[in-house]
Amino acid sequence: MRKINISEFVENQKFNRFHLTLLATCIFIIVVDGYDMFMLGAILPTLMEEWKMDPLVGGQLGSYALFGMMIGALLFGPFADRFGRKNAILICTVLFSLFTFTSGFANGPTSFGIQRFIAGIGLGGVMPNLIALVTEYAPKKLRSTLVAIMFSGHAFGGIVAALGTLAILPNFGWRWVVFLACIPILLMPILYKALPESYSYFVKTNKKEQLVKTLNRVNPNQQFTMNDELVMHQSDDTDSSIKKLFTEKRGFSTVMFWIAAFMCLLVMYGLSTWLPKIMQNSGYPIGSSLVFLIVLNLGGVTGAIFAGKLCDKFGSRRVLLVFFALGFISLTALSFSPNQLLLYVMIFIAGATTTGTQINTNAYVSQYYPSGIRSTGVGWELGIGRIGGMLGPTLGGILLASNLPVHLNFLAFAIPCLIAGVAILLVQERYGHMVNQDAQFAEPVQLQGVHE
């Protein structure tokens, strides 16, 4: 009989076909998630004109999905830690795809907003579980990088939304931009087969047979059997209660993560919702304004992956602090109305240091908590952050309705970057899972028996 520590086995693997399949599947889901989220900013000027909405109502429309995302993150994070991350991901994917699709039949802001809210529950619920699942199965030296690559698909979804709107809107109208959201439902059988379930869920529910099959997918060359003794460290405690976020001296850092996410998502969703309109008000045509949205999200994709590699090499907190400072500088520079070339550069950097930084903050949070509360930790970080995300579009709407100079619009989004940086600076890493898994928590927890 072999005695295998599951966590050590998984984290010591080299990147292989299993990781590629997991990563590709999660990227597809997060791209569609990003498309469904960011396409509102691309079609919002058209909706405002068709439904005669002022900027404040338009900002509120952008907040409906974010309110749903807050609820989804708070509910489906703990749900997945108790009932399985794979099930939570698939349920949420169906939810946001279906109700984004049906919102294309809306005939006014009220109907559209209600369906955006329901879709938002799925959009918010899927994110923490994708992050937790990739973190759980990623090789230890690639965790931040793989999470960043996966989650950068969210920003890439914003690029697809902007390009799709440019191609579809002039010829078919905004409704066909929305109808494309049904694609994941058609591919659900493939997604179900490709996604693995969390190994910590199998340990928690005592499903050894499924655990053995999953570990054999992770590395087909090292076949496990039902006779092998499979164990986990105590630092991988499978207790998924929310109160665990505040035990073992994690409470202060938990609150700091919430503050950082609140500020970063305020900037991220405020800009993604209103950047086309802000640039349109600055004299740029709608087509050119959508290009700025594409540049913003290209920066998000590039910044996420680049920062992820730096986080794996130099440590997450140090890199996040630098990126939040760069976010403040780039957004402040935009407030001085630079020439067009510098404008594109600053918007690119702003995307890299807001969307990109939030993605790596999520990776940092997912590594801070033990596996049993990983979805809960990321879910509540994103859930509380969604409050800031909801305020972002509303803040942008208020700024535009007030007819303030363009430079004040950008300056209002620069200051939260500094606050987020201070919050990350105050995180107490010494109480995190990334330190303690190799320190005081060395006694194994054994998987008992077989559950059919």
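Side chain of Asp36 to backbone of Thr100: no donor-acceptor contact under 3.5 angstrom is found. Remark: the backbone N or O of Ala106 is paired with a side-chain donor or acceptor of Arg175 at under 3.5 angstrom. Under the 3.5 Å distance criterion, the side-chain polar atoms of Arg116 are left unmatched by any main-chain donor or acceptor of Ala65. Between the Lys208 side chain and the Met226 main chain, a donor and an acceptor come within less than 3.5 Å of each other. No donor-acceptor pair under 3.5 Å is formed between the side chain of Asn297 and the backbone N or O of Phe156. Formation of a donor-acceptor pair under 3.5 Å by the Asn129 side chain with backbone atoms of Ala132 is not found in this model. Between the Lys86 side chain and the Tyr192 main chain, a donor and an acceptor come within less than 3.5 Å of each other. Asn219 places no side-chain N or O within donor-acceptor distance of the main-chain N or O of Leu215, the cut-off being under 3.5 Å. Side-chain atoms of Arg386 never come within 3.5 Å of backbone atoms of Gly124 as a donor-acceptor pair (strictly under, hydrogens ignored).
Aromatic ring centres of Phe76 and Phe79: separated by under 6.0 Å. The aromatic ring centroids of Tyr137 and Tyr199 lie less than 6.0 Å from each other.
Using a 4.0 Å cut-off between charged side-chain N and carboxylate O, Glu136 and Arg85 make a salt bridge.
For the residue pair Tyr369 and Thr254, a side-chain donor N or O sits within less than 3.5 Å of a side-chain acceptor on the partner. Judged purely by distance below 3.5 Å, without hydrogens or angles, the side chains of Glu429 and Tyr364 pair a donor atom with an acceptor atom.
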Show the numbers, then the answer: is there a ring pair (Phe, Tyr, Trp, His ring centres under 6.0 Å) between Phe105 and Phe179? CA-CA 9 Å; Phe105 298 101; Phe179 288 154; 5.0 Å; yes
Determine, step by step, whether Leu195 and Leu90 satisfy the side-chain contact (heavy atoms from CB on, under 4.5 Å) criterion, reporting the C-alpha distance in whole Å, the side-chain angles of both residues, the deciding distance to 0.1 Å, and the verdict. CA-CA 9 Å; Leu195 275 179; Leu90 296 178; 4.0 Å; yes
Please test Val212 against Asp228 for side-chain contact (heavy atoms from CB on, under 4.5 Å), starting from the C-alpha separation and ending with a verdict. CA-CA 9 Å; Val212 168; Asp228 290 320; over 6 Å; no
Show the numbers, then the answer: is there a side-chain contact (heavy atoms from CB on, under 4.5 Å) between Lys244 and Arg250? CA-CA 8 Å; Lys244 293 284 287 185; Arg250 289 189 288 257; 4.2 Å; yes
One pair to check against side-chain contact (heavy atoms from CB on, under 4.5 Å): Asp33 and Leu130. What are the steps and the verdict? CA-CA 11 Å; Asp33 182 294; Leu130 290 172; over 6 Å; no
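Under the side chain to side chain contact (heavy atoms under 4.5 Å, CB included) test applied with Ser144, the options Ile359, Asn362, Asp312 reduce to a single match, Asp312. The only member of Tyr368, Tyr431, Trp258 that meets side chain to side chain donor-acceptor pair (under 3.5 Å) when paired with Ser253 is Tyr368.
Phe262 is listed as a side-chain neighbour of Leu391, based on a closest heavy-atom distance under 4.5 Å.
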